[in-house]
Amino acid sequence: MAVAELTSPATGAYTKTTGRLHPSQLSLSSTRLSDQLRRSFRPIPRSRNVKITCSVKYGLFFLCCQVQVPTVPAEREELKSKPECYGVFCLTYDLKAEEETRSWKKLINIAVSGAAGMISNHLLFKLASGEVFGPDQPIALKLLGSERSRQALEGVAMELEDSLFPLLREVSIGIDPYEVFQDVEWALLIGAKPRGPGMERADLLDINGQIFAEQGKALNAVASRNVKVIVVGNPCNTNALICLKNAPNIPAKNFHALTRLDENRAKCQLALKAGVFYDKVSNMTIWGNHSTTQVPDFLNARINGVPVTEVIKDRKWLEEEFTETVQKRGGLLIQKWGRSSAASTAVSIVDAIKSLVTPTPEGDWFSSGVYTNGNPYGITQDIVFSMPCRSKGDGDYELVKDVIFDDYLWKRISKSEAELLAEKRCVAHLTGEGIAFCDLPEDTMLPGEM
Ligand SMILES: NC(=O)C1=CN([C@@H]2O[C@H](COP(=O)(O)OP(=O)(O)OC[C@H]3O[C@@H](n4cnc5c(N)ncnc54)[C@H](OP(=O)(O)O)[C@@H]3O)[C@@H](O)[C@H]2O)C=CC1
Ligand SMILES: O=C([O-])CC(=O)C(=O)O
């Protein structure tokens with residue numbers, strides 16, 4: 001433990017501060033001392049357990065603070081020199097002094113993994129602009145990358161600096177999830193290895209599963225106890241399951257696998273067929289896995305409040321063409337673009353978050369891949385399955401009860417369920433459930449694979 005003593009003239013009262021704090025959390029009336037502490041300890045990440053004890057040393061006129069910093073082990077020495085914050089975001093501000101920021105809400109911490117990737121390149125700027133959490137909600141972005149992407153991460157942070165977003169109060173970059181996830185209230189887990197040529201899906205499950213097992217452990221150790229986690233990196237349902245199994249201290253209900261892009265794709269196809277604008281399509285459920293077995297549910301969906309099956313009477317089109325178009329939309333896009341959906345995925349992540357932080361419109365719902373324990377439909381427990389949800393806007397959700405099923409829908413749901421159970425057996429070594437046995441169904445594919 002390294003110890004530093006800092007003394008500064010202090011006038012008036014001060015808040016007695018003792019305990020494990022980051023210098024930015026200090027609340028001292030002596031701004032000079034506070035600034036001195038911040039300057040001295042800026043390079044030390046929050047998780048370093050900086051211990052600060054302040055007391056009045058010389059009557060009312062001087063504050064003395066003792067700052068104790070744990071000695072960094074040799075193997076982590078390299079991280080010590082790495083700044084936690086980035087560029088202009090290292091400056092400190094007295095927000096309360098600014099008239100227009102007086103009504104702002106408390107800062108929220110958002111972690112984004114794969115922050116130097118394609119999806120993040122769209123998403124981060126949407127988050128920073130205020131379009132996701134609102135115009136009075138300042139945010140801190142914590143960007144997680146790797147050795148591979150270190151330079152690129154700095155490039156992303158530089159672009160965020162140059163965008164002058166008023167609500168973006170902090171940006172930090174890092175490669176250690178235990179540091180980046182410290183106190184985060186949202187974790188948007190995008191980074192994952194893409195499936196390469198000749199790579200088996202089982203290999204992908206294993207490689208990416210290890211990333212999500214580690215990130216689950218890190219969230220469990222250092223994130224806010226009520227952190228909301230949205231897993232985007234594929235295969236996202238099983239990655240979300242691995243993540244939640246490795247984070248037993250965080251409610252399993254807080255983990256989501258992104259199927260909102262599939263919902264949006266399905267709405268678009270129904271609108272096109274019915275000749276209406278896509279905002280007229282509601283109650284769109286995607287059931288199951290974010291894969292080519294996903295089930296876009298036309299039985300419960302509505303157009304202008306009327307069941308889709310009454311508007312589009314061509315049941316063969318709904319069962320075959322519509323369903324397959326949605327299931328394989330990602331693959332077609334890759335053929336056209338030469339890379340997978342990035343902008344529309346970022347938009348769908350925004351939609352997914354907004355659906356949790358704003359009340360769901362009366363009578364409507366949204367789809368999300370969530371933990372099946374306690375589901376009212378009879379879907380196997382202990383997997384992450386896309387189902388219809390409603391939210392009061394408090395970050396939480398309830399599953400929708402009043403949905404109908406027919407034989408066709410159940411058959412399709414069962415196929416996706418079987419696929420997820422097979423994926424789960426493949427990753428048993430990562431969920432703490434014994435030895436993995438991987439025997440995936442022949443047609444198991446991500447939406448982006450053809
Ligand atoms: N659920 C959904 O609806 C959708 C999901 N996806 C999925 O989202 C994920 C990210 O897509 P996108 O942003 O376009 O991808 P990119 O390839 O642009 O970025 C992915 C990031 O993943 C990180 N990564 C983590 N581990 C590895 C690894 N072993 N090898 C290579 N890169 C790794 C890399 O960042 P770093 O080096 O910093 O770790 C990289 O920047 C993919 O898994 C994709 O399949 C895509 C579209 C829709
Ligand atoms: O398969 C992929 O990587 C892309 C994907 O998930 C999608 O477009 O839905």
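All ligand and atom numbering here is 1-based and tracks the order in the structure. Keep in mind that this is a model prediction, so the values were computed, not measured.
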Starting from [atom], locate the nearest protein heavy atom and write down its residue, its atom name and how far away it is, to 0.1 Å.
atom	result
atom 2 (C) of ligand 1	H290 NE2, 3.2 Å
atom 4 (C) of ligand 2	S340 CB, 3.8 Å
atom 35 (O) of ligand 1	G114 CA, 4.2 Å
atom 44 (C) of ligand 1	N234 ND2, 3.7 Å
atom 9 (O) of ligand 2	R265 NH1, 2.9 Å
atom 3 (O) of ligand 2	N234 ND2, 3.5 Å
atom 20 (C) of ligand 1	A192 O, 3.9 Å
atom 6 (O) of ligand 2	H290 NE2, 2.7 Å
atom 1 (O) of ligand 2	G448 N, 2.9 Å
atom 9 (C) of ligand 1	I190 O, 3.3 Å
atom 34 (C) of ligand 1	R148 NH2, 4.3 Å
atom 38 (O) of ligand 1	S149 OG, 2.4 Å
atom 8 (O) of ligand 1	I119 CD1, 3.5 Å

(message) Quick check on A342 - does any of its heavy atoms sit under 4.0 Å from an atom of ligand 1?
(response)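 No; A342 lies far enough from ligand 1 that no heavy-atom distance drops under 4.0 Å.
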Looking at [X], which atoms of ligand 1 are within less than 4.0 Å of one of its heavy atoms?
X	result
G145	38 (O)
C236	1 (N)
S341	47 (C)
G117	13 (O), 18 (O), 19 (O), 41 (O)
G233	8 (O), 9 (C), 43 (O)

(request) Give me the ring orientation class for W287 and Y377: parallel if the planes are under 30° apart, tilted from 30 to 60°, perpendicular past 60°. (result)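 Ring orientation of W287 relative to Y377: perpendicular.
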(request) Number the atoms of ligand 2 from 1 as they appear, then name those within less than 4.0 Å of a heavy atom of G330, with their elements. (result)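 In order of numbering, the contacting atoms are 8 (O).
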What part of [X] sits under 4.0 Å from ligand 1 if we count only heavy atoms: the side chain, the backbone, both or neither?
X	result
L261	side chain
I211	side chain
T345	side chain

(request) Return yes when R339 approaches ligand 2 closer than 4.0 angstrom through a heavy atom, no otherwise. (result)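 No heavy atom of R339 comes that close to ligand 2.
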(request) Take every heavy atom of R329, measure it against each atom of ligand 2, and state whether any distance is under 4.0 Å. (result)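 No, that is not the case, since the closest heavy atom of the residue is not under 4.0 Å from the ligand.
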(message) Using a 3.5 Å cut-off on N or O atoms only, is S146 in polar contact with ligand 1?
(response)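 It does: an N or O of S146 is found under 3.5 Å from an N or O of ligand 1.
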(message) I want to know if ligand 1 touches M118 in the polar sense, i.e. an N/O pair below 3.5 angstrom.
(response)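 Indeed, backbone or side chain, M118 has an N or O that close.
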(message) Enumerate the ring pair (Phe, Tyr, Trp, His ring centres under 6.0 Å) contacts for residues 180-203, please, sequence neighbours excluded, ordered by first and then second residue.
(response)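 Those involving residues 180-203 are F133-W186.
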(request) Can you figure out which of E263, R260, E449, K193 has its heavy atom closest to atom 28 (C) of ligand 1? (result)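 Minimum heavy-atom distance to atom 28 (C) of ligand 1 goes to K193.
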(message) Within the supplied structure, the quantity of interest is the number of heavy atoms (other residues, nucleotides, ligands) at a distance under 6.0 Å from K253 NZ; does it exceed 12?
(response)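 Count over threshold, so yes.
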(message) Could you work out, with disulfide (SG to SG under 2.5 Å) as the rule, every residue matching C426, not counting sequence neighbours?
(response)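 Testing C426 for disulfide (SG to SG under 2.5 Å), a comparison that skips the adjacent residues, returns C438.
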(message) Residue-level breakdown please: for I334 versus ligand 2, do any non-hydrogen atoms fall below 4.0 Å on the side chain, on the backbone, on both, or on neither?
(response)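 I334 to ligand 2: no contact under 4.0 Å from either part.
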